[in-house]
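For reference, positions follow the sequence shown, starting with 1.
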Amino acid sequence: MTLADELTGDTASSEDLPRGDAATRRPGRGLALEALRERWFACSNALGWSVASEWPDPTVGEVCEAVLDGAAAPVLERALTRWAGARASAGIGLDETLSDLAALHAAVSGALGELGPRRRLALPGTDGSRLVRVVSLGWTDVACGDLSEAAAVDPLSGLASSRYLITRLAEVHRAARASGTRVSETHALVAVTLPVAGWTRVAPLTVAGDAASVVFDAGETIAVVGRATVVVLAPREGLAGRVRVLRGLLARRLSGAAGVTGTPGARIVALPATLDGARDTLARLREAEPPAPRRDRILGLDVPATGEAPADEAPAPDDGSA
């Protein structure tokens, strides 16, 4: 008997219902989800959750859905990763996040009755260790990403950070306003995209940054945007020719480099008229990057995790290059 059965009196087995079809879900599902959220919250409070108003989050519902569906491990892990990232974004510490995960286990295994063997979330032992690791990595990815964004220098590649690039863009926009010109007429972005995989991306990023500094050696800003994109803020004058030189230099220096899975690209991207538009352009460049496979980052292991990767996004608009 599932939790929804307990709440509605419907004793039909979950094995008799097609999985993944919302139209066939029993009418007590909404009550079951609400009950799981409430009991998870109660257990979290009992374990010392500090601020009640910070507990609700849309990702809580995603985790509850995965638990009640008896979802496959990758589905539950993705939901927990998003949930842990949301906790980090809200400024909630890792210790309190892991305590909240323990509260979820207590709510499911101790307070919700029989969910069936495939619907039970078990934290002790091997499975529990994996979920703790998934949550820890999901939280750390967001928390450390925030730290990187706050720095002027990217700690891995040694290039300027996207935060510093935005500072320089603000300066360029102010200078354009003072001189009565349009920033799109005086400056542009050069986006260098690197088809790289895993942690081996760091060396190609550094090589790409060095190549860009050879071509753009007159005070231009060279920054890392995303996990595999280098962006140069440069004057428009003579830019097409410099991009051609950069393409050739990248091809020579990165040919056969470890971790490079394709041909590096370099293109000119027009700057929008406003600073907010420039921020959106950088965001689109990040979103256009192909997804990297998740890996279990355990000492001595480098095993790709299972699960589907999100679909690629379209790249930022290109205003053309020679």
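Side chain of Ser44 to main chain of Phe41: no donor-acceptor pair is present (N/O by atom type, distance under 3.5 Å, no hydrogens or angles). Side-chain atoms of Trp139 come within 3.5 Å of backbone N or O of Ile92 as a donor-acceptor pair.
Taking both residues in full, the closest heavy atoms of Val172 and His187 are given as CG1-ND1, 3.7 Å, listed atom of the first, atom of the second, then distance. Across all non-hydrogen atoms, the minimal contact from Pro272 to Ala278 is CG-N, 3.7 Å. Nearest heavy atom pair, residue Ala176 against residue Val183, reads CB-N, 3.9 Å. Closest of all the heavy-atom pairs between Gly138 and Thr81 is CA-CG2, 4.0 Å. A pairwise comparison of heavy atoms in Leu254 and Pro264 identifies CD1-CG, 3.7 Å as the closest pair. Scanning both residues, Leu250 and Ala266, for their nearest heavy atoms gives CD1-CB, 4.4 Å.
The shortest distance between side-chain heavy atoms of Val269 and Arg267 falls below 4.5 Å. Contact of the Val224 side chain with the Thr229 side chain is not registered, since no non-hydrogen atoms from C-beta on lie closer than 4.5 Å. When side chains are defined from C-beta on, Leu233 does not count as touching Glu171, because their heavy atoms never get closer than 4.5 Å. The side-chain heavy atoms of Asp57 and Trp83, taken from C-beta on, include no pair separated by under 4.5 Å. A 4.5 Å side-chain heavy-atom check between Val67 and Val108 finds at least one atom pair inside the cut-off. Side chains of Val243 and Val215 form no contact here, defined as non-hydrogen atoms less than 4.5 Å apart. Asp100 is not listed as a side-chain neighbour of Leu104, based on a closest heavy-atom distance of 4.5 Å or more. A 4.5 Å side-chain heavy-atom check between Ser161 and Leu165 finds every atom pair outside the cut-off.
Between the CZ atom of Arg78 and the CG atom of Leu80 there is a distance of 11.5 Å, given to the nearest 0.5 Å. We find the CZ-OG1 distance between Arg133 and Thr140 to be 12.5 Å, quoted to the nearest 0.5 Å. Here OG of Ser162 is found 11.0 Å from CG of Leu285. Values are rounded to the nearest 0.5 Å. Annotation: the span from Glu65 atom CD to Thr59 atom OG1 amounts to 12.5 Å, rounded to 0.5 Å. Once rounded to the nearest 0.5 Å, the distance linking NE2 of His173 with CG of Leu271 reads 6.0 Å. Put simply, CG on Asp280 and OG1 on Thr274 are 7.5 Å apart, with the number rounded to the nearest 0.5 Å.
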Step-by-step side chain to side chain contact (heavy atoms under 4.5 Å, CB included) determination, Leu246 to Val192
CA-CA 9 Å; Leu246 178 59; Val192 178; 3.8 Å; yes
For Asp276 and Arg279, what are the C-alpha separation, side-chain angles and deciding distance, and is it a side chain to side chain contact (heavy atoms under 4.5 Å, CB included)?
CA-CA 5 Å; Asp276 285 341; Arg279 289 194 183 99; 2.8 Å; yes
Report the C-alpha distance between Glu220 and Arg242 in whole Å, list the side-chain angles of each, state the deciding distance to 0.1 Å, and finish with yes or no for salt bridge (Lys or Arg N to Asp or Glu O under 4.0 Å).
CA-CA 12 Å; Glu220 296 87 352; Arg242 299 172 86 183; 2.8 Å; yes
Would Arg87 and Leu101 satisfy side chain to side chain contact (heavy atoms under 4.5 Å, CB included), going step by step from the backbone distance to the final call?
CA-CA 11 Å; Arg87 291 303 193 216; Leu101 178 64; over 6 Å; no
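The 12-atom threshold is exceeded at CG of Asp217, counting heavy atoms of other residues, nucleotides or ligands nearer than 6.0 Å.
A side-chain N or O of Thr281 and one of Arg284 form a donor-acceptor pair less than 3.5 Å apart.
Salt bridge present: Glu77 and Arg130 bring a charged side-chain N and a carboxylate O closer than 4.0 Å. With respect to the salt-bridge test (charged N to carboxylate O, under 4.0 angstrom), the residues Arg236 and Glu185 do not qualify.
Among residues two or more places apart in sequence or in another chain, the side-chain hydrogen bond (donor to acceptor under 3.5 Å, both in side chains) test is passed with Thr221 by Arg168. Under the salt bridge (charged side-chain N to carboxylate O under 4.0 Å, His left out) criterion, Arg177 pairs with no residue, sequence neighbours left out.
Ring orientation note: the planes of Trp55 and Trp49 are nearly perpendicular, at an angle over 60° on the 30°/60° scale.
The hydrophobic cluster containing Leu47 does not contain Val135, counting ILVMFWY residues as joined when their side-chain heavy atoms lie under 4.5 angstrom apart, directly or transitively.
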